[in-house]
Amino acid sequence: MDHLTVADIDRLVSHQRGPCVSIYLPTERRGPETRQNPLRFRHAIAEALDELTNGGFRQSEAEAVVAPVMHLADDNDFWQHQEDGLALMVAPGNSDVFRLPQSFDPLVVVADRFHIKPLVPLVAAGTEFYVLTLSHNNIRLLRGSRFRVSELELEDVPTSVAEALWYRDPETELQYHGTSAGATALAFHGHGLGDESTNEELVAFFRHVDKGVSAIVNSGRAPVVLAGVAYLHPLYRHVTNLDVVDEGIEGNTDKLSAEVLHDRAWPLVAPIFDKQRDRARQRFEADWHAGNGTASGSVPEVVVAAHQGRVATLFTPLGRQQWGSVDPTTFEVTMNDSEHSTDLYDLAAAATWRNGGEVHVVDPNDIPGGGELAAVLRY
């Protein structure tokens, strides 16, 4: 059971071996209501089995598909420790269970690929950020979304000045002095920006930290909130090329929980995400009114353009599906009302994501252009 990441979405979108069973459930966190959790799960599994057998699989084959998650039906501890929603992605060669901070309407989809659109709001454009806590003794990196942050394990990254002694390199070697019994320790001579020696040592330390952190933080594209005592912020800004947010969280953060850091960081990054979404909306509206062919609200046109890698930005409706199919040879799109078909909105979102475009899942009333979905096309 993992915290959902951009890498998870990439992996699920790329999974090509069906049948793929996607199950979304609301879950109860506490109290007698938690007894509903396994009941909903069993009902969803029964629905998935029905869809598989109706699709031509023998009962034994259908049961083999869902077998990797069937043990959860009787796992009382699992159902007692839930968040607001549960997503299960099961297919040959894949079994993922995500406990998520977002509730879902019950949904079961059996198709040739995973149904990922309900997951996109958790990690899509305008949701992912990082918090980096700065300290002499406790470097922490947390990845966050609108709903929460979770702490990441830092491998090959010094998390304290003392640990940095093992990460020295010739160009940025930290200055240290020998101590008794042959031990070594870094020498710090103050805590303010006026102390040049201390600043040089901290800058060298932060260079080591930044090298490892930069390898984790989404190629530098996600915003990073710095957290720590005030004099450390400009020292780290001096060494990094990450997209560091102008305002940080000041004070001793060594003992602050992930929840507290999230509550303090989200107001700092939310305006950035709002501006990003507003720019995308303005781009669509400008192209739409110009009539230059780079804005579309047509479901068939957007689905085809997404498969061709031509969608730069997609707005798709939250909580809605448009069932249909796409001919793999002619790319002809057919829309229908059968839930045994493919959700065309999801198809467009997955293809846009796979081809490096931005996906915004918004309230249906907030789709620019007033259509069912909207896309800015690359060409």
Can you list the residues that meet the salt bridge (charged side-chain N to carboxylate O under 4.0 Å, His left out) rule with Glu151, with sequence neighbours excluded?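 Checked Glu151 against salt bridge (charged side-chain N to carboxylate O under 4.0 Å, His left out); matches are Arg140.
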
Taking only residues two or more places apart in sequence or in another chain, which ones pass salt bridge (charged side-chain N to carboxylate O under 4.0 Å, His left out) with Arg310?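 So Arg310 forms no salt bridge (charged side-chain N to carboxylate O under 4.0 Å, His left out) with any residue.
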
Do Thr34 and Glu28 meet the criterion of a side-chain donor-acceptor pair at a distance under 3.5 Å?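 Absent: no donor and acceptor within the cut-off.
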
Please tell me whether Thr294 and Asn292 have a donor and an acceptor in their side chains that are separated by less than 3.5 angstrom.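 Yes, a side-chain donor-acceptor pair sits under 3.5 Å.
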
Going by the angle between their ring planes, with limits at 30° and 60°, are Tyr24 and His115 parallel, tilted or perpendicular?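 Geometry flag for His115 against Tyr24: perpendicular rings.
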
Spell out, as yes or no, whether a donor-acceptor pair under 3.5 Å connects the side chain of [X] to the backbone of [Y].
X: Arg17; Y: Arg113; value: no
X: Thr240; Y: Arg237; value: no
X: Glu61; Y: Arg58; value: yes
X: Asn355; Y: Gln308; value: no
X: Thr253; Y: Leu256; value: no
X: Arg40; Y: Pro26; value: yes
X: Asp96; Y: Met89; value: no

Cluster companions of Val362 among Ile, Leu, Val, Met, Phe, Trp, Tyr (side-chain spacing under 4.5 Å):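 For the cluster that includes Val362, the remaining residues are Phe315, Ile367.
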
Are Val376 and Val304 linked, directly or through other ILVMFWY residues, by side chains that come within less than 4.5 angstrom of each other?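 No, Val376 and Val304 fall in different hydrophobic clusters.
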
Residues two or more places apart in sequence or in another chain: which of them pass side chain to side chain contact (heavy atoms under 4.5 Å, CB included) with Gln59?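 Leu49, Thr53, Glu63.
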
Pairs in or reaching into residues 67-95: which pass salt bridge (charged side-chain N to carboxylate O under 4.0 Å, His left out), with residues at least two apart or in two chains?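 Listed by first then second residue: Arg29-Asp84, Arg42-Asp74, Glu83-Arg148.
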
Might you point out which heavy atoms bring [X] and [Y] nearest each other, and give the distance in Å?
X: Ala350; Y: Val13; answer: O-CG1, 3.6 Å
X: Val225; Y: Glu247; answer: CG1-O, 4.5 Å
X: Thr329; Y: Asp327; answer: N-OD1, 2.7 Å
X: Pro317; Y: Leu373; answer: CD-CB, 4.3 Å

ring-ring contact (aromatic ring centres under 6.0 Å, His included) between Phe273 and Trp266, intermediate numbers included: CA-CA 10 Å; Phe273 297 144; Trp266 178 250; 5.8 Å; yes

Hey, is CG on Asp112 packed in by over 12 heavy atoms from elsewhere, all under 6.0 Å?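 Count not over threshold, so no.
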
Glu33 atom CD: more than 12 heavy-atom contacts under 6.0 Å: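 Yes.
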
So which of Lys117, Gln321, Glu372 actually passes side-chain hydrogen bond (donor to acceptor under 3.5 Å, both in side chains) with Tyr345?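 Going through Lys117, Gln321, Glu372 one by one, the side-chain hydrogen bond (donor to acceptor under 3.5 Å, both in side chains) with Tyr345 is satisfied by Glu372 alone.
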
Pair up each side-chain donor or acceptor in residues 278-285 with any protein partner under 3.5 Å, not counting sequence neighbours, and list the distances.
unit_1 : atom_1 : unit_2 : atom_2 : d
Arg281 : NH1    : Asp366 : O      : 2.7
Arg281 : NH2    : Asp366 : O      : 3.4
Arg283 : NE     : Asp287 : OD2    : 2.8

Nearest-0.5 Å distance that lies between atom CG in Leu242 and atom OG in Ser214: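 The distance works out to 4.0 Å.
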
